[in-house]
Amino acid sequence: MEAGAVLLLLSALLGISSTLSFYGDSVSFNPPQKQKDGTFKVALYHRQNGRSSCAHQSSFSCQDGVCSSFDKSGVLQTDQDDTGQGRWCQSEGRTTVTVRTNNTSFSLRDSGCCWVSNVRGRTNRTTEAELNLGTRSDSRAINSCPVTSAVSSLRVPQNCFSRIRLLALDPDGDKVRCRFASDAAAPANFTLDETSCTLSSTGQIQAGVQVLELTLEDFPSKNITLTYADGTSEFREASDMNAPPLCKVKLQFSMEVLPPIPNCEAGHVQPMFLVRTPSHGDILHATVGQTFQLYAQAQAHHASIHDFQVSGPQNMTKEVKDDRSGTAEVTLSWTPRRTDLYRFVPVCFTAETNATQSEMRCVVVMVTQASITQGKATVQCSPNKMMVALDKASMPGIDENFLELRDPSCTLTSNRTHIMGSISFSTCGTKLEDKGDYIVFKNEINSFELPNEIVIRRKTVKIDFSCQFPKTISISSYYNLHKSDYIFTESSFGSFGYTFEIFRDENFTNKVEASAYPVEVKLLQTIFMGIQANSELPNVTLFVESCKATPDDNPENSRSYDLIENGCLKDETVIVHPSDQNEFNFEVQAFKFTGNYDQVYITCAVILCEPGNPFSRCAEGCLKEPSRRRRRGLSKETSTHYITQGPLQFIGPAGPNAAKDERDAAMKESESLAAGTSPSDSPDTKSKGDRWEIQELLNSNITTVVFASGFLVSLVLLAVVVRHYSRKRKAEDRNALIVSDFEN
Ligand SMILES: *[C@@H]1O[C@H](CO)[C@@H](O)[C@H](O)[C@H]1NC(C)=O
Ligand SMILES: *[C@@H]1O[C@H](CO)[C@@H](O)[C@H](O)[C@H]1NC(C)=O
Ligand SMILES: *[C@@H]1O[C@H](CO)[C@@H](O)[C@H](O)[C@H]1NC(C)=O
Ligand SMILES: *[C@@H]1O[C@H](CO)[C@@H](O)[C@H](O)[C@H]1NC(C)=O
Ligand SMILES: *[C@@H]1O[C@H](CO)[C@@H](O)[C@H](O)[C@H]1NC(C)=O
Ligand SMILES: *[C@@H]1O[C@H](CO)[C@@H](O)[C@H](O)[C@H]1NC(C)=O
Ligand SMILES: *[C@@H]1O[C@H](CO)[C@@H](O)[C@H](O)[C@H]1NC(C)=O
Ligand SMILES: *[C@@H]1O[C@H](CO)[C@@H](O)[C@H](O)[C@H]1NC(C)=O
């Protein structure tokens, strides 16, 4: 105890001179291991953030001197500001503690002074953790603490702050509760979602440095019994948040709230992560002795990304590449050692520009033995579903009867050699994720237990798989015909979606069901279409900036016809019907493109605004001078999203005979084209050809090696990247179209 006090005093003295700018810290634990002599050994990793120096030896102590032999390995600086201004750095130090107690839990504490000067005038800091020492009945091991971390220096313009998703992952699958630390009140206008560990604002946050001190606690999500060293045991009911937590750790970080900027859109001046970047909360895998790599890519159109800030383990190396076109990438490499085995290592990163920063993303790297099992699996992505096939031979010990998809009502099938699943994008619990430049559909195969099973001898499995599609092409192509739900996420608006439907009459209630697509229409028939916005925010105004028709589902087709442009009605048959502020209902008389095109797709550009804001795009309405540059940052509104519906299929005679009935919707050159085409030409060759090619590309198999280990058999199928429709190809297609027009 005395030694602890001396250490504390020493560190306080040292601290005054060297840690005048504490930026926060986090601690992660390996679960305590019981030794033969009855003591427990706990390895802890302390990450400390600071201004120009942060590699201080941490000096934890336990209450009542139950801890002995603090075995500290060197503290290493793991990341630092590369601008030469020494604005931030992070270090990690490993300490192994021997705990001698017959108590059910023990706690550790490290305190000091000198938070970075901040708006609330916080000075003293305390780092604490409390760990339960009981053996869990479910895992037959001592509890693992929630895993968390943060980069050294978070920066956000005052008007752009909407939320920060913090890492709060529990290796045992427990429920994690995040709270503001009891000795530190919530900073003004901040609120914390206790379940998702998301920090958001309830009003304007004060500019300057904000310091945040949070506590993460885990509670079992199943009924468990804890058995202690002295032979006593304790029952813990599932999700009983009134019971003491199994583990309590602290996460402290600082956030610099910068002056407002004109545009908060991700990808404008604030970098946006691109698709190859892992998602927040992903679990990645590393193997002892093998180099693990994490790749992230970010883009900002109006700023240059010069660095990535990283919170990672000791000796993780960082290689940043900037391609000078607004996109930068980072490769993090790390080779786990024996002592890292079974560690859950948090890794967080942000993309840095001079003026601001991207969102922070955090993942957890799970370190396992040299892979015991090499699993083989194949994912096939097709326009509206994904098919996964697991090679049984590569995964011995996996019982297919105890595997399920995210939605257990969807079944897996199997033959002698494979376990197969065919999963639609809209069912089976498939999740849609907007990854900036790509849309990703994700599902997973998990093993499950029978409710009354006491001992599980099967291996547990989790197999993540996904299909991803570039956003440059309208999503509707993947739904072959009808697609009504579009989902987007934007930092200042959260998640929101649109439905785009064709209705049977002017009441806009009786929609044409998906199975009836393509919708058959006759020329000059009235078509009723409705767009509805659904948002997490209670009151939003929907604005339809433009709607145009194209003969295929490529909204960038040069053959197009405007119905609405810049908020103004362009076609005289368009009539807008009155509706709620989150809806837009309109009618238009059916038309078709001259030439052998008997299909029409409608693509609309839509925006959501905060209601009642006179400066929003929604309030401006029809703009005769579209070139006027708008400063979106001044009002809360989303960026423009494109939604497509169709096709409308024309029935009845097509081709030159019907030409006199057609409203001329095409471009000039198509008139001569129509005159020269013979009715025997197969209609819509071009668009069919396109679709076929897409399908062919999507159907190409990509085999991914998955791995598993005896500790927690876990299979990861990396996303199947299908890059079939880059901008370049699109341009080529368009050229081909123009050429063929001339040839005709
Ligand atoms: C726990 O340990 C303390 C001192 O180490 C001892 O006095 C006490 O009897 C022990 N209690 C039990 C229940 O073993
Ligand atoms: C046991 O732990 C509790 C809670 O941490 C603490 O209040 C108590 O003093 C401890 N008892 C001993 C003997 O260490
Ligand atoms: C900070 O800690 C010092 C010494 O531990 C104490 O004297 C002081 O009152 C503390 N300050 C605050 C604001 O808690
Ligand atoms: C909290 O937000 C409200 C509304 O935006 C604002 O009036 C108030 O000044 C903010 N409080 C602080 C301490 O910044
Ligand atoms: C958990 O325990 C509670 C209280 O004993 C009981 O009511 C509940 O049914 C149990 N739940 C499960 C899933 O066993
Ligand atoms: C990190 O690298 C240094 C120098 O190569 C080495 O001495 C140290 O042991 C390494 N630490 C870890 C945790 O890998
Ligand atoms: C970033 O800002 C610093 C000073 O604030 C300046 O010297 C440097 O040139 C800037 N870098 C870029 C890439 O704009
Ligand atoms: C089982 O199904 C997979 C995937 O469809 C197939 O590749 C394999 O040949 C089938 N095996 C047998 C024995 O039919």
Side-chain angles (χ1 to χ4, degrees), residues 118-122 136-139 156-163 172-175 180 184-192 199-212 219-226 233-243 246 255-260 264 375-382 385-395 398 400 403 405 408 411-423 445 448-456 463 465 492 537 610 612-613 633-636 699-706 717 720:
N118 56 80
V119 297
R120 286 193 298 148
R122 299 281 295 174
R136 298 171 62 124
S137 56
D138 56 347
S139 64
V156 63
Q158 194 177 24
N159 59 328
C160 301
F161 178 81
S162 63
R163 59 167 190 175
D172 299 311
D174 294 340
K175 285 202 168 141
F180 289 110
N189 288 344
F190 280 96
T191 175
L192 184 66
L199 189 70
S200 49
S201 62
T202 52
Q204 186 162 75
I205 52 173
Q206 200 179 335
V209 176
Q210 297 278 358
V211 301
L212 293 130
F219 301 88
S221 51
K222 301 179 259 207
N223 285 350
I224 61 164
T225 307
L226 295 164
S233 64
E234 189 186 357
F235 173 76
R236 288 292 177 90
E237 194 175 335
S239 313
D240 177 6
M241 309 295 241
N242 295 319
L246 297 172
M255 183 168 96
E256 193 181 349
V257 181
L258 305 163
C264 291
K376 270 214 211 93
T378 315
V379 180
Q380 225 181 65
C381 298
S382 59
K385 65 174 188 230
M386 43 192 169
M387 281 156 288
V388 61
L390 312 176
D391 182 359
K392 283 189 197 171
S394 68
M395 294 176 283
I398 301 297
E400 67 204 70
L403 295 181
L405 288 161
T411 50
L412 292 164
T413 56
S414 71
N415 59 20
R416 199 167 42 75
T417 55
H418 289 78
I419 300 168
M420 285 110 35
S422 173
I423 301 108
I445 294 175
F448 63 92
E449 294 154 28
L450 294 176
N452 50 5
E453 220 165 359
I454 311 292
V455 181
I456 306 152
I463 304 161
F465 55 94
S492 54
L537 303 179
E610 192 179 42
N613 184 329
L634 293 178
S635 72
K636 206 171 173 191
N699 284 333
S700 57
N701 285 12
I702 297 167
T703 304
T704 316
V705 172
V706 293
L717 262 183
V720 177

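For ligands, and for the atoms within them, numbers begin at 1 and follow the listed sequence.
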Exercise. Quick one: are Ile445 and Leu390 in side-chain contact, heavy atoms under 4.5 Å?
Worked result: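 SC-SC contact between Ile445 and Leu390 confirmed.
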Has [X] got a side-chain atom pairing as donor or acceptor with [Y]'s backbone, closer than 3.5 angstrom?
X: Lys392; Y: Asn415; answer: yes
X: Ser221; Y: Gly173; answer: yes
X: Asp172; Y: Asp174; answer: no

Between [atom1] of [X] and [atom2] of [Y], what distance do you get to the nearest 0.5 Å?
X: Phe180; Y: Leu199; atom1: CZ; atom2: CG; value: 5.5 Å
X: Ile224; Y: Ser139; atom1: CD1; atom2: OG; value: 7.5 Å
X: Asp240; Y: Lys175; atom1: CG; atom2: NZ; value: 10.5 Å

How far is [atom] from the closest protein heavy atom, and which atom is that?
atom: atom 4 (C) of ligand 8; answer: Met420 SD, 3.7 Å
atom: atom 9 (O) of ligand 5; answer: Asn223 ND2, 4.7 Å
atom: atom 7 (O) of ligand 5; answer: Glu237 OE2, 4.7 Å
atom: atom 5 (O) of ligand 4; answer: Gln204 N, 2.9 Å

Contacting atoms of ligand 8, where contact means under 4.0 angstrom from a heavy atom of [X]:
X: Arg416; value: 13 (C)
X: Asn415; value: 1 (C), 2 (O), 3 (C), 8 (C), 10 (C), 11 (N), 12 (C), 14 (O)
X: Thr417; value: 1 (C), 8 (C), 10 (C), 11 (N), 12 (C), 13 (C)

Exercise. Protein heavy atom under 4.0 angstrom of atom 11 (N) of ligand 8, is there one?
Worked result: yes
Exercise. Short check: is a protein heavy atom less than 4.0 Å from atom 14 (O) of ligand 5?
Worked result: yes
For this session: Have a look at Thr202, Asn189, Ile205, Val257 and point out the one with the heavy atom closest to atom 6 (C) of ligand 4.
Result: Asn189
Exercise. Which atoms of ligand 4 have any heavy atom of Ala188 under 4.0 Å away?
Worked result: 13 (C)
Exercise. With a cut-off of 4.0 Å, which atoms of ligand 4 are near a heavy atom of Gly203?
Worked result: 2 (O), 5 (O)
Problem set entry | Residues that Arg236 engages under salt bridge (Lys or Arg N to Asp or Glu O under 4.0 Å), provided they are two or more places apart | Glu234
Scan the side chains in residues 201-212 for donor-acceptor partners under 3.5 Å anywhere in the protein, sequence neighbours excluded, and list what turns up.
unit_1 : atom_1 : unit_2 : atom_2 : d
Thr202 : OG1    : Asn189 : O      : 3.4
Gln210 : NE2    : Gln206 : O      : 3.1

Exercise. Considering only heavy atoms of Phe235, which atoms of ligand 5 have at least one such atom less than 4.0 Å away?
Worked result: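 Near Phe235, the atoms of ligand 5 are 2 (O), 5 (O).
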